[in-house]
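Read through the structure below, which is laid out as structure tokens, and then see the notes.
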Amino acid sequence: MDVSPLLDALNDAQREAVAAPPGHTLVLAGAGSGKTRVLVHRIAWLVGVDRVPEHAILAVTFTNKAAAEMRHRVQSMVSDLGRGMWVGTFHGLAHRLLRRHFREAGLPETFQILDSDDQLRLIKRVQRDQGLDDARFPPRQSQWFINHCKDEGQRAEHLDAYGDGLKQVKIAVYAEYEARCQRSGLVDFAELLLRSQELLLRDPHLLEHYRQRFRHILVDEFQDTNEIQYAWIRLLAGDTGQVMVVGDDDQSIYGWRGAKVANVGRFQEDFPHVRLLRLEQNYRSTANILNAANALIAHNSERLGKHLWTDGAPGEPLTLFAAYNEMDEARFVVERVREWIAQGQAATDAAILYRSNAQSRIFEQQLIAAGVPYRIYGGQRFFERVEIKDTLAYLRMLTNPDDDAAFERAVNTPSRGIGAKTLAQVRARAATDQMSLWRAAGDLCDGGGLASRAAHALSDFLQLIAELGADLAGRELAEKIERVITRVELVAHYQSEGAERAQTRVENLEELVRAARGFVLQAEAAEDDPLVAFLANAALEAGESQAAEGEDCVQLMTLHAAKGLEFPLVFMCGLEDGLFPHMRAVEEAGRMEEERRLAYVGITRAKRLLYLCYAEQRRWHGGNTARRLSKFVSEIPAELIREIRPRIQVSRAWQSGGPGVSPVANQCAIKLGQNVRHDSFGHGVVVNVEGAGEHARALINFEQVGSKWMVLSYGNLEML
DNA sequence: AACACCGCGTTTTTT
DNA sequence: ACGCGGTGTT
């Protein structure tokens, strides 16, 4: 059996995983150890060697991107397209179950998915109606509470406040929110999982059906599973399903949103006879980079234990750059990127990583100034843009008029004279009669009780929706969207916001129509209404922000967003105590190890060259604050690091623990990193200081003319 | 309905 | 410092 060509290109550990005998398997796969490869080959093995029918395989990932990649790679390996095989995200698969069995799940056929934005609006609405003060009961906290409860598998009725008044309020909000979702046929992200779990629990026949069907369950990034996802896998597996989970406890960085690394250990207890395999050979990074990562992560105590190794070359040492301030840091990084590109390397092979999104701006500025193409990940997503959501709200109304979230958005966008007062009446009626806003509005129009102007405006809206419904029936998906945009006069509406803004909005609307035209129903969803499927897809797959794909550009993203990716050249920036590890993580117990894992993830992204950067001074929350090098850097053996400070030789402030100001600089009341302006040389940064009193001189790095020594008592420098 | 002002938060983010 | 969201004013 092991002569299968499937195993040829694999190492021993990988082979063992791919050709694992029947039973449960836990694969601890270190960074860059060929994790995805193993999963894909395993599926191919099951189908090709073990003769498992494709429909008996369920493969789960976390992100759409990972699911798409897996689908793609499986298709290229398994002769025929992965037909009947379920490959998707937890949410996508749960959604599929609910669509198939909407009746048993207690949902309307046209139920829609509530994204977090809509969810927050709805919660705000609920809280306001319950007379809660937003300041005392922040809606965001309620949202977090509700999602957290659902992630833990708990319904409002299961919860007990134990006399905690605040919790009592949250539970009440949860209950009312859920009631409204149910009335409107809306399902939020966490609900997808919880509801589909309940569906299976409540319907033994259905559960048995799926247990019989999915004999093989594979889970990627298992360390990121939360309580409900874990329970979901367990439930589906039952006693018959064979589960292979692949994960790396050292790369668990989503504890703050409910992921439980403990699930990795639990898996071994909850499932019988788990075969534990380790993938420890790294094929990605040079030995130096890998050793740095190993040394760093060794500082964590809660580990299952794993030691990555490579038989590759040591490669270059890591480079540590101490910048004066964040501007200097950005300049340095951009300069290195330019050199990289000048050497004929691809820009896309370089990544600038940072802890928080706020850091991206300065890099963006410098990249623009240097004319280097770049792409920032993690901006606003396509389907979350206002114009898209406005348009989709109408389509949602047409699909399911009881969708209150859609009603609230569409009813006065563009403004058509339906003000707060009128809406309050509609909401009140809906509340008393326990009906949707749509039906309450209808009743109000029919039954009078509204001021005539309001009644007109409202009935115009109701009529608009009715007419649109009639007009769109039977048309193609893309045409429906086009007609909504025209009929509702959305373009004119956005025009009032200013020409430039309107221009992008219109372009996005065109993109939306294009997306609809190119929308292909998944085979499994063929029986669904294309519009319903399109709307669900829009929520589940919110889409990347800037789809400028194909262009060769530097990649900018947070460390979190970098997980799963690799780059020949990596810059980890802002390695300063308080920023990374983040202040908030230092305060909360258990978070420090997660921060360290995040650093580990960052380091292991690099294939060949890794730069560690920090600024001794940084503009942060207003003031200019002195920074100290991140303790994570000191956890990397010094012999792996080459430190460069090209323009300054002062005491190493971070080592003595003091602020990033040289003693010399201190005496003359001019700080390194100080921004200055000179009448003829323009703007610059103080880079070094010598002497004292009248003889004190400073090396200034001017933006326009480069570095110059200036005697402070002569040079007419303006401190900025 | 548009604009101004005030207060607050300010890590990470998928689905 | 800054931007956002929510509230109050015209």
Side-chain angles (χ1 to χ4, degrees), chain A residues 60-67 88-96 113-121 124 128 133-135 138-141 143-144 147 150-151 187-194 196 220-221 224-226 228-229 252-259 353-361 377-381 383-384 412-421 493 496-498 536-545 557-564 574 578-588 591 594-595 597-599 601-602 618-625:
Chain A
V60 201
T61 63
F62 275 83
T63 64
N64 290 304
K65 205 172 154 196
T89 62
F90 276 101
H91 293 87
L93 298 174
H95 173 248
R96 195 184 287 177
I113 297 166
L114 201 65
D115 66 27
S116 21
D117 226 56
D118 291 339
Q119 183 186 40
L120 185 62
R121 279 162 188 268
K124 277 184 189 161
R128 206 153 298 174
D133 178 14
D134 277 5
R140 286 198 167 277
Q141 267 180 35
Q143 181 182 30
W144 185 87
N147 289 335
K150 289 188 177 187
D151 284 346
V187 172
D188 62 47
F189 290 126
E191 182 75 15
L192 286 169
L193 292 194
L194 181 52
S196 70
D220 192 15
E221 303 277 18
D224 287 338
T225 49
N226 63 25
I228 189 94
Q229 287 159 342
S252 160
I253 54 174
Y254 287 111
W256 53 273
R257 61 175 200 212
L353 309 181
Y354 34 79
R355 177 67 234 270
S356 76
N357 282 309
Q359 288 167 255
S360 69
R361 229 177 137 167
Y377 287 80
Q380 211 198 1
R381 296 150 163 277
F383 283 103
E384 282 166 4
N412 206 31
T413 316
S415 43
R416 46 173 73 89
I418 302 174
K421 270 218 159 124
H493 168 62
S496 67
E497 291 180 313
N537 185 67
L540 280 174
E541 211 162 328
E544 289 283 305
S545 43
M557 68 191 84
T558 63
L559 289 154
H560 281 90
K563 192 170 78 149
L579 183 57
F580 187 37
H582 196 271
M583 244 169 54
R584 306 262 290 249
V586 177
E587 291 154 11
E588 289 167 59
R591 285 298 191 76
E594 183 155 307
E595 289 288 293
R597 290 194 290 267
L598 189 57
V601 166
R618 180 180 295 272
R619 263 178 183 277
W620 200 246
H621 295 180
N624 244 344
T625 52

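In what follows, chains carry the letters A, B, and so on, assigned in the order in which the sequence lines appear, proteins first and then strands, with residues in each chain numbered from 1.
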Of all the nucleotides listed ([options]), which has the minimum atom distance to the side chain of [X]?
{"X": "A:S415", "options": "B:dA1, B:dT15, B:dT11", "result": "B:dA1"}
{"X": "A:R619", "options": "B:dA1, C:dA1, B:dT12", "result": "C:dA1"}
{"X": "A:W256", "options": "B:dT15, B:dT11, B:dT13", "result": "B:dT13"}
{"X": "A:S356", "options": "B:dA1, B:dT15, B:dT12", "result": "B:dT12"}
{"X": "A:R257", "options": "B:dA1, B:dT12, B:dT13", "result": "B:dT13"}

Tabulate protein N/O versus nucleotide N/O from nucleotides 6-10 of chain C, keeping only pairs under 3.5 Å, one per line.
unit_1, atom_1, unit_2, atom_2, d
C:dG6, OP1, A:K124, NZ, 2.4

Spacing of [X] atom [atom1] relative to [N] atom [atom2], expressed in whole Å:
{"X": "A:L114", "N": "B:dT14", "atom1": "CG", "atom2": "P", "answer": "18 Å"}
{"X": "A:R140", "N": "B:dG7", "atom1": "CZ", "atom2": "P", "answer": "21 Å"}
{"X": "A:D151", "N": "B:dT14", "atom1": "CG", "atom2": "P", "answer": "15 Å"}
{"X": "A:F383", "N": "B:dT15", "atom1": "CZ", "atom2": "C1'", "answer": "14 Å"}
{"X": "A:I253", "N": "B:dT11", "atom1": "CD1", "atom2": "P", "answer": "17 Å"}

- [ ] Using the P atom as the reference point in each nucleotide, state the distance between B:dT11 and C:dC4 in Å, no decimals.
- [x] 15 Å
TODO: Could you measure between the two P atoms, the one in B:dT12 and the one in C:dG5, and give it in whole Å?
DONE: 16 Å
Task: A:T558 (side chain) and B:dT11 (base): donor-acceptor pair under 3.5 Å - done: no
Open item on the list: Taking A:R416's backbone N and O only, do any of them form a donor-acceptor pair with A:N412's side chain (distance below 3.5 Å, no angle check)?
Closed with: yes
Open item on the list: Could you check whether any side-chain N or O of A:Q143 sits under 3.5 Å from a backbone N or O of A:Q119, counting only pairs where one atom can act as donor and the other as acceptor?
Closed with: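 Side chain of A:Q143 to backbone of A:Q119: no pair is present.
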Regarding [X], tell me which of base, sugar-phosphate or nothing describes its non-hydrogen contacts under 4.0 Å with the strands shown.
{"X": "A:R361", "value": "nothing"}
{"X": "A:D115", "value": "nothing"}
{"X": "A:N357", "value": "sugar-phosphate"}

